[in-house]
Amino acid sequence: MPTFGLIDGNSFYCSAEQAFAPELRSRPLVVLSNNDGCAIARTPEAKALGIKMGEPWHLFRKRPESRAVEWRSSNYALYGDMSRRVYDVLTERVPQVEPYSIDEMFLDLDGIPDLDRFCRDLRRDVRQIAKIPTCVGIGPTKTIAKLANKIAKKETALGGVCDLRDPELRARHYERLPIAEVWGIGGQVGAKLAAAGITTIADFVRADPRAVRDMLTVTGARVQTELRGASCLPLSLMAPTRKGIAVSRSFGHMIDRPAELREAICTFAARAAEKLRAEGLEAGQITVFTHTNPHNGDPWYSAQRQGKIEPTADTGLLIGEAIRLLRAVWHPGYRYFKAGVMLQDLAPARRQAVLFASFDRDQSAAAMKAMDAINARFGRGTLRIASTATSPSWGARRQNLSPRYTTQAGEMLVANSF
DNA sequence: TCTGGGGTCCTAGGACCC
DNA sequence: TCTGGGGTCCTAGGACCC
């Protein structure tokens, strides 16, 4: 039977901020989403004040408790770098590590003696070297390891490690825990199960597998199998080839001028093209979408157009196609709130010439390579297409951004405070 | 004034084909 | 009286995740 571990950073974004700002430690701290919209990470002290995950910040700010709360705009350059540090510590100590998200990694813990000791040492090392506090869950399947991790986070007496390999211990937790605690069971499915009289994990595990399959399709059946202790989600070390790349933003203010929306779309297309080339891919399809604000009572309008293209990673060509699609999406008289560009049909960039290509592929590749090299050296946006923007009028609010301590030379700490 | 962004997988239904 | 069946591809939409 395999043994999986799941290690994740406690309040990861907050911990990353605290790593470089000792004055924030042991304080109620929240990190806000893009546009300083809502709380997406909270320290235990902030949770204790009643700040909910995803709570709109502009509402919470009106409450008196908010005065004690520190907050930061999200700083993904910092969090990505901290995540890589955690990964480096893990790969030196664990045979196989699968990054699952920016703050979670699955571990192959097969055949490791004294697993409890091992995991406690692992937590200590990650904390000391990468400056991130973590919890570890252990189980015979990924789903059980995820659950164990959740228990480790909630029950602080466990010291950050919870091992659910023992079936009897597992059964006791299953009897008391709601099914909604399980990875893969969200609000809709939870409600469906509740209507069928299934409320605890134990209820779900006991249910007839055919009934589960009928009610929840193969996805739910898989969750049940995993909770029963049979692994059907293996550790995957190869990052799967991705299916799409999306760049979208809600705006700092509503947009009602076509030129402004066009500039935003061009900027998103250029950023998407950069991501595409960074992974050595080309896109065969592009989608442009925009919509009005669903929250403020404005009339709802939403539109999206897709176009097939000759596979390319060329910024200029992708921008051209995006502008063409935007003409079909734009409708005068609305105030636009959000827009985005998505690239699909991704495939590795082909090196060889293509018969009947409508553009010079070699020349395009060389130009893009030069542009990426200049921007890598002198900073993003040094060389760009004229229709894009570097500090746009429609840009998101980020009013309380921490310095990029780890990734930007000019903002690095001279003497860090570890 | 003010509510994120980027992904994945699954299913249903329509179009088309033989 | 009495409608073919099965495969594939595409798209839209739902649900979930962090």
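Naming convention: chains lettered A, B, ... in sequence-line order (proteins, then strands); numbering from 1 in each chain. Everything numeric in this text was worked out from a predicted model, so none of it was measured.
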remark   = Comparing A/Gly37 with A/Thr217, nearest DNA chain B nucleotide closer to 5' gives the residue A/Gly37

message = Restricting to non-hydrogen atoms, name the atom on A/Tyr79 and the atom on A/Ala16 that form the minimum distance, rounded to 0.1 Å.
response = CD2-CB, 3.6 Å

inquiry  = At less than 4.0 Å, is any side-chain N or O atom of A/Arg242 found next to OP1 or OP2 of B/dG7? Yes or no.
reply    = yes

task = For C/dG4 versus B/dC16, give the span between their C1' atoms, rounded off to a whole number of Å.
result = 16 Å

query = Roughly how many Å is it from CG in A/Asp36 to P in B/dG5, rounded to a whole number?
reply = 11 Å

ask   = Would you say the side chains of A/Ser402 and A/Glu17 form a donor-acceptor pair under 3.5 Å?
value = yes

remark   = In numerical order, the residues of residues 257-268 of chain A whose heavy atoms come under 4.0 Å of DNA chain C are none

Nucleotide nearest A/Gln306 when distance is taken to its side chain, options B/dC10, B/dG6, C/dT11 = C/dT11

ask   = Out of B/dT3, B/dT11, B/dC10, which nucleotide sits closest to the side chain of A/Arg213?
value = B/dT11

task = With a 4.0 Å heavy-atom cut-off, tell me which residues in residues 180-195 of chain A come close to DNA chain C, sorted by residue number.
result = A/Val182, A/Trp183, A/Gly184, A/Ile185, A/Gly186, A/Gly187, A/Gln188, A/Val189

inquiry  = Can you tell me which nucleotide in B/dC9, B/dG6, B/dC2 comes closest to the side chain of A/His58?
reply    = B/dC2

ask   = Do the side-chain N and O atoms of A/Arg249 and A/Thr267 include a donor-acceptor pair separated by under 3.5 angstrom?
value = no

request  = Output yes when at least one side-chain N/O atom of A/Asn35 is less than 4.0 Å from OP1 or OP2 of B/dG4, else no.
outcome  = no

request  = Would you tell me if any nitrogen or oxygen in the side chain of A/Lys146 comes within less than 4.0 Å of OP1 or OP2 on C/dC18?
outcome  = yes

note = Listed range with range, the stems formed with DNA chain B by at least 3 consecutive Watson-Crick or G-U pairs (under 3.5 Å) are B:5-18 with C:5-18

remark   = Rounded to whole Å, the CZ-P distance (A/Arg398 to B/dT3) equals 16 Å

remark   = Taking B/dC10, B/dT3, B/dG5 as options, the one with an atom nearest any side-chain atom of A/Val218 is B/dC10

message = I want to check one thing: is the phosphate of B/dT1, taken as OP1 and OP2, less than 4.0 Å away from some side-chain N or O of A/Arg335?
response = no

ask   = Between A/Gln224 (side chain) and A/Ala207 (backbone), is there a donor-acceptor pair under 3.5 Å?
value = yes

query = So, A/Ser26 versus A/Glu45: side-chain donor-acceptor pair below 3.5 Å or not?
reply = no

ask   = Under 6.0 Å from the six-membered ring centre of A/Phe106 and within 45° of its axis: does the NZ or CZ of A/Lys142 meet both?
value = yes

request  = Respond yes when some side-chain nitrogen or oxygen of A/Arg249 is under 4.0 Å from OP1 or OP2 of B/dG6, and no when none is.
outcome  = yes

inquiry  = Please give me the minimum heavy-atom distance between A/Val329 and A/Thr290, naming the atom from each residue.
reply    = CG1-CG2, 3.3 Å

ask   = How about A/Tyr174 and A/Phe204: are their ring centroids closer than 6.0 Å?
value = no

request  = Return yes if a side-chain donor-acceptor contact under 3.5 Å exists between A/Glu226 and A/Trp183, otherwise no.
outcome  = no

query = With ring centroids as reference points, do A/Trp300 and A/His291 lie under 6.0 angstrom apart?
reply = yes

key: Passing option when A/Ile286 is tested against A/Ile319, A/Leu325, A/Thr312, A/Ile245 for side chain to side chain contact (heavy atoms under 4.5 Å, CB included)   = A/Leu325

inquiry  = Over all strands shown, is A/Tyr79 touching base, sugar-phosphate only, or nothing at heavy-atom distances under 4.0 angstrom?
reply    = nothing

query = For A/Arg222 and B/dC9, is the shortest distance between a side-chain N/O and OP1 or OP2 below 4.0 Å?
reply = no

task = Remember a base hit wins even if backbone is also touched, and classify A/Asp103 as base, sugar-phosphate or nothing at under 4.0 Å, heavy atoms.
result = sugar-phosphate

query = If only atom types and distance count, is the side chain of A/Asn375 paired as donor or acceptor with the main-chain N or O of A/Thr382 below 3.5 Å?
reply = yes

query = Choosing from B/dT11, B/dC2, B/dG4, which nucleotide comes nearest the side chain of A/Met254?
reply = B/dC2

task = Please state whether the phosphate of B/dT3, meaning OP1 or OP2, lies under 4.0 angstrom from any side-chain nitrogen or oxygen of A/Ser250.
result = no

message = Please report the distance, rounded to the nearest Å, between CG in A/Asn293 and P in B/dT3.
response = 6 Å

key: Any A/Lys338 side-chain N or O less than 4.0 Å from OP1/OP2 of B/dG5   = yes

query = With a cut-off of 6.0 Å (strictly less than), are more than 12 heavy atoms of other residues, nucleotides or ligands near CZ of A/Arg228?
reply = yes

message = Heavy atoms only, 4.0 Å cut-off, all strands: where does A/Glu55 land among base, sugar-phosphate and nothing?
response = nothing

ask   = Which is true for A/Ile245 with a 4.0 Å heavy-atom rule: it touches a base, it touches only sugar-phosphate, or it touches nothing?
value = sugar-phosphate

